[in-house]
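Counting starts at 1 for both ligands and their atoms, in listed order.
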Amino acid sequence: MEKRLADGSIELIQADITGLQVDAIVTAANSGLRGGGGVDGAVHRAAGPRLLEACRSIGGCQTGSAVATDAFNLGQNGVKYVLHAVGPVWRGGTQSEPNLLRNAYATSLKIAREKKCSSIAFPSISTGVYGFPIDKAAPLALLTCKEFLESEPGDLLRIVFALFDQATLETFESALNNL
Ligand code: APR
């Protein structure tokens, strides 16, 4: 499913994000940038051990923000950057989780623009181990992308959501229909 907007597009697919040919791949990292399981494990495996070294030299990243590194072995697919976005752990919704999630997406988009990327792929940040309810996370993720494309004029940006499982894809599809 795809929605075209003035300054780009939002596409939803069911896929392993590490197989995509985009300028920037976003991973759902922790604030220590220590690597992990889930999508972060898959991205680190695909990029190779130099990714963790690059993360170590950066040191960390605040929740609700993102940092860029080289894509290392993912460069073989044409990927230029890995963006390490740190979403919030869900604590019931009263600890600014929605804002922090939106900021993790928005910072990634801003970095992608600064680095002149024409395409970026996101996973569903925070909705795995971090427990953010998917029915709340999907509309926030999509609204943040839509507002970015509408309010930050620039070159066309193709935004792809690589969603791992069918249920997550379906929740994003219904949120995109209602956007
Ligand atoms: N491609 C795309 N999406 C994936 C992949 C993959 N290869 N592997 C897992 N996912 C999906 C999960 O199914 C989930 O929908 O990514 C989404 C986010 O789940 P997590 O990876 O658990 O991310 P998050 O909830 O943000 O938790 C982050 O987990 O691995 C650690 O280092 C990471 O501490 C951090 C925490």
With backbone taken as N, CA, C and O and side chain as the heavy atoms from C-beta onward, which portion of A42 lies under 4.0 Å from ligand 1: side chain, backbone, both, or neither? side chain
Any side-chain donor near an acceptor of the partner, R102 and T144, under 3.5 Å: yes
So is G41 touching ligand 1 or not, going by heavy atoms under 4.0 Å? no
Give me the residue, atom name and distance of the protein heavy atom closest to atom 15 (O) of ligand 1. T127 OG1, 3.7 Å
Would you say T168 has any N or O atom under 3.5 Å from an N or O of ligand 1, going by distance alone? no
Restricting to non-hydrogen atoms, name the atom on L20 and the atom on A121 that form the minimum distance, rounded to 0.1 Å. CD1-CB, 3.8 Å
Return a yes/no value for D40: is any of its N or O atoms, backbone included, closer than 3.5 angstrom to an N or O of ligand 1? yes
Would a 4.5 Å heavy-atom cut-off, applied to side chains only, mark L51 and V82 as touching? yes
among protein heavy atoms, the one nearest atom 22 (O) of ligand 1 is V129 N, 2.8 Å
Can a donor-acceptor pair be found between the side chains of T171 and T168 at a distance below 3.5 Å? no
When distances are taken from atom 33 (C) of ligand 1, the protein heavy atom at minimum range is A28 O, 3.5 Å
So is D16 in contact with ligand 1, going by heavy-atom distances below 4.0 Å? yes
Do me a favour and list the nearest non-hydrogen protein atom to atom 26 (O) of ligand 1 with residue, atom name and distance? S126 N, 2.8 Å
Side-chain heavy atoms of N30 within contact of V86, under 4.5 Å: no
Backbone N or O of G92 within a donor-acceptor pair of the Q95 side chain at under 3.5 Å? no
When distances are taken from atom 9 (C) of ligand 1, the protein heavy atom at minimum range is V39 N, 3.5 Å
Please check if the side chain of D23 supplies one atom and the backbone of S118 the other of a donor-acceptor pair under 3.5 Å. yes
Quick one: nearest non-hydrogen protein atom to atom 17 (C) of ligand 1, plus distance? S124 O, 3.3 Å
Closest protein heavy atom (residue, atom, distance) for atom 1 (N) of ligand 1: I17 N, 3.0 Å
Using every non-hydrogen atom in the two residues, find where I17 and I25 come nearest and quote the distance to one decimal. O-CD1, 3.3 Å
Which residue owns the protein heavy atom closest to atom 11 (C) of ligand 1, what's the atom, and how far is it? F164 CB, 3.8 Å
Polar contacts were defined as any N/O atom of the residue lying under 3.5 Å from an N/O atom of the ligand; does this apply to G128 and ligand 1? yes
Close approach of G87 to ligand 1, heavy atoms, under 4.0 angstrom: no
